[in-house]
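Okay, structure first, notes after.
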Amino acid sequence: MRIYIFLCLICWARFGYLDFSSKINGVSKNPENNRTCLEFSKLNAMNSLKDLFYPKVKIELLMYSRNNVNCAEPLFESNNSLNTHFNSSKKTVWIIHGYRPLGSTPVWLRKFTTTFLKEEDVNLIVVDWNQGASTFIYSRAVRNTRRVAESLRGTIEHLLIHGASLDNFHFIGMSLGAHISGFVGKIFHGQLGRITGLDPAGPKFSGKPSNSRLDYTDAKFVDVIHSDSRGLGIQEPSGHIDFYPNGGKKQPGCPTSLFSGMNYFKCDHQRAVYLFLAAFETNCNFVSFPCRSYNDYKNGLCMDCGELYKDSCPRLGNQAKLWKEELKKKTDEWPLRTIAFLDTSGQNPFCTYYFALSIVTLSETMRNGTISFSLLNDLGVLEYPRLYEKSQSFAYLQEVKILAQFVNDIVNISHICMTYFPSTNPYCSTCKYRIQSLMLKSLTHPERPPICKYNFVLKERVQIEFQPDACNTQMG
Ligand SMILES: *[C@@H]1O[C@H](CO)[C@@H](O)[C@H](O)[C@H]1NC(C)=O
Ligand SMILES: *[C@@H]1O[C@H](CO)[C@@H](O)[C@H](O)[C@H]1NC(C)=O
Ligand SMILES: *[C@@H]1O[C@H](CO)[C@@H](O)[C@H](O)[C@H]1NC(C)=O
Ligand SMILES: *[C@@H]1O[C@H](CO)[C@@H](O)[C@H](O)[C@H]1NC(C)=O
């Protein structure tokens with residue numbers, strides 16, 4: 001449904017009701033060798049209109065490396081020799097964009113290439129299929145995805161002859177680009193090193209068999225981020241691991257009304273790209289929690305990631321590859337896909353910091369209820385978490401675990417403030433409940449030692465404040 005409104009809006013825009021200003025760049029040159037830099041194809045709504053009558057697919061490959069971060073060069077020279085900046089022994093990252101109904105350059109593209117090259121020394125190739133993605137007819141762009149993949153076959157074979165290896169290829173596809181990556185993977189029988197799908201397109205792909213869309217069999221490792229699975233993105237899991245930030249449907253900070261213009265349609269969908277970039281740029285760990293459902297995750301049922309992940313839960317972003325072996329084992333042996341949940345904040349860099357609070361009571365009369373708490377850091381700033389309101393059942397010697405997220409990290413915790421609220425009336429102002437132990441652990445930074453408090457008393461609706469201690473070793 002949203003896709004159709006989206007298209008209407010585009011037509012509307014075409015006639016000047018909305019302003020889609022596009023940047024106008026002059027021709028730039030690489031000062032090092034005075035070569036003219038290649039540019040992403042500049043198209044506009046006129047081209048999309050023209051495509052109605054004269055459909056056309058054209059692919060340009062823009063090659064970047066640390067030697068030409070700001071100036072794309074052709075991958076192959078006009079005499080067919082490989083660009084000298086391409087180093088076959090390095091990893092090669094392919095970036096493939098999605099549907100471009102108005103032909104504009106993806107706003108995130110520039111940032112993506114520079115961020116990637118800053119963090120990793122790779123050959124980076126932008127697959128510009130703008131001519132083919134710019135059409136008012138979405139299903140035509142969908143049909144073109146296979147043709148784009150097919151036309152990359154020759155280029156890739158050529159690179160292999162020059163000593164590159166499929167294993168060293170990492171395809172990163174946004175929306176339709178994710179499925180193009182999948183089709184390339186199918187052509188090479190799943191031998192690509194990695195495919196990252198950034199909110200793979202949903203319309204025309206949802207519910208299709210695995211040979212008609214991105215699938216985990218397309219590469220040795222496939223990781224997918226779903227950020228708009230009810231709109232432009234696909235709902236069903238398709239990788240070795242599928243991340244569903246904020247449940248995967250709606251993203252915090254995105255407009256909720258149509259009056260915000262185009263951003264209403266694109267914001268959730270594009271968030272996958274920005275999360276991937278934020279995970280790269282910041283030292284925030286986007287830890288995720290493999291879980292059956294978002295609800296189970298919110299109810300704190302998936303806080304420890306189980307035996308499978310020794311040190312930490314899998315992290316969204318480029319780092320996801322660190323969990324490749326464990327995840328592959330799971331898909332190969334059982335076969336079980338991993339779907340993982342996490343929450344983010346609504347603003348760049350989208351970080352949240354997870355803590356797990358666990359409590360064991362010695363009381364036999366403590367009633368079901370909730371625990372709220374806040375943390376005081378060593379600078380005297382009190383940080384309040386986001387807690388999922390859920391009544392816990394406190395029973396003698398039974399551990400209760402609570403998942404908490406903070407907008408800011410708290411490294412040195414000087415005090416914990418805590419209140420217990422029973423969920424049923426009447427409340428008892430004289431009741432006391434003895435707590436055997438409390439443990440607070442950072443899940444975002446599992447390498448930090450947890451902190452504990454032993455043997456204290458909670459009263460109903462009375463805030464207590466205490467300094468935590470180091471944990472006894474058998475607990476921590
Ligand atoms: C092909 O062209 C490139 C750049 O124009 C040049 O550096 C290279 O030497 C040429 N190779 C051959 C085999 O002519
Ligand atoms: C290509 O990359 C490898 C590995 O990073 C490096 O050892 C080698 O020096 C590079 N070759 C050139 C010509 O830069
Ligand atoms: C407390 O919670 C548990 C599990 O949620 C539930 O089975 C039990 O009935 C609750 N007890 C009361 C007194 O509400
Ligand atoms: C935490 O405390 C340690 C030791 O007192 C100190 O070196 C460190 O800078 C503190 N970290 C932060 C983020 O406050």
Side-chain angles (χ1 to χ4, degrees), residues 27-39 60-69 71-94 113 116-125 154-155 158-170 193-194 291-293 295-303 318 321 356-372 387-403 419-428 431-433 435 458 460-461:
V27 174
S28 51
K29 293 200 170 197
N30 187 348
E32 188 196 307
N33 51 15
N34 212 29
R35 283 181 75 149
T36 303
C37 304
L38 294 186
E39 303 263 358
E60 305 263 13
L61 299 177
L62 315 183
M63 140 89 196
Y64 295 89
S65 72
R66 281 196 170 169
N67 293 312
N68 59 316
V69 177
C71 178
E73 293 186 1
L75 183 58
F76 289 100
E77 306 293 353
S78 49
N79 59 15
N80 224 12
S81 72
L82 184 56
N83 187 309
T84 50
H85 288 147
F86 188 94
N87 181 337
S88 304
S89 40
K90 283 185 189 153
K91 188 172 135 182
T92 301
V93 173
W94 303 72
T113 55
F116 216 108
L117 286 168
K118 198 163 110 212
E119 302 297 327
E120 265 196 69
D121 187 6
V122 296
N123 310 301
L124 195 150
I125 300 169
T155 308
H158 208 143
L159 287 175
L160 298 181
I161 292 167
H162 281 87
S165 79
L166 292 175
D167 200 38
N168 251 343
F169 285 174
H170 180 186
R194 178 176 175 189
C291 201
R292 275 207 345 239
S293 72
N295 262 338
D296 280 4
Y297 148 84
K298 285 194 288 190
N299 287 335
L301 300 180
C302 304
M303 276 188 265
N318 204 40
K321 66 181 171 208
L357 181 81
S358 47
I359 292 179
V360 179
T361 176
L362 287 173
S363 160
E364 299 191 3
T365 55
M366 194 163 166
R367 293 183 287 150
N368 289 359
T370 56
I371 296 269
S372 77
L387 294 168
Y388 296 105
E389 275 301 319
K390 192 210 164 215
S391 180
Q392 308 276 356
S393 65
F394 295 94
Y396 178 68
L397 283 185
Q398 233 154 62
E399 185 183 37
V400 167
K401 281 187 157 196
I402 299 164
L403 183 65
T419 318
Y420 160 59
F421 298 95
S423 48
T424 50
N425 284 323
Y427 97 94
C428 163
C431 290
K432 290 181 179 176
Y433 307 102
I435 303 299
L458 277 181
E460 297 189 2
R461 305 193 194 184

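When a ligand or atom number is given, it counts from 1 through the structure's own listing order.
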| task | Could you say whether the N/O atoms of Glu77 and ligand 1 ever approach to under 3.5 Å? | result | no
| 4.5 Å side-chain heavy-atom contact, Phe76 and Leu61 | no
| said: Any heavy-atom pair between the side chains of Asn123 and Val93 that's under 4.5 Å? | reply: no
| task | Would you please classify the geometry between the Tyr420 ring and the Phe394 ring as parallel, tilted or perpendicular, with 30° and 60° separating the classes? | result | perpendicular
| Which distance, rounded to the nearest 0.5 Å, do you find between the CG of Asn83 and the OG of Ser65? | 7.5 Å
| field | Counterpart residues, salt bridge (Lys or Arg N to Asp or Glu O under 4.0 Å), relative to Glu77 (two or more places apart) | value | Arg35
| Under the side-chain hydrogen bond (donor to acceptor under 3.5 Å, both in side chains) criterion, do Ser81 and Asn79 qualify, and how do the steps go? | CA-CA 6 Å; Ser81 72; Asn79 59 15; 3.0 Å; yes
| Near ligand 3, which residues have a heavy atom under 4.0 Å away from one of its atoms? | Asn368, Ser393
| Backbone or side chain, does any N or O of Asn87 fall under 3.5 Å from an N or O of ligand 2? | yes
| request: Assess whether atom CZ of Phe421 is packed by more than 12 heavy atoms of other residues, nucleotides or ligands within 6.0 Å. | output: yes
| remark: Here the atoms of ligand 2 under 4.0 Å from any heavy atom belonging to Lys90 are 2 (O), 5 (O)
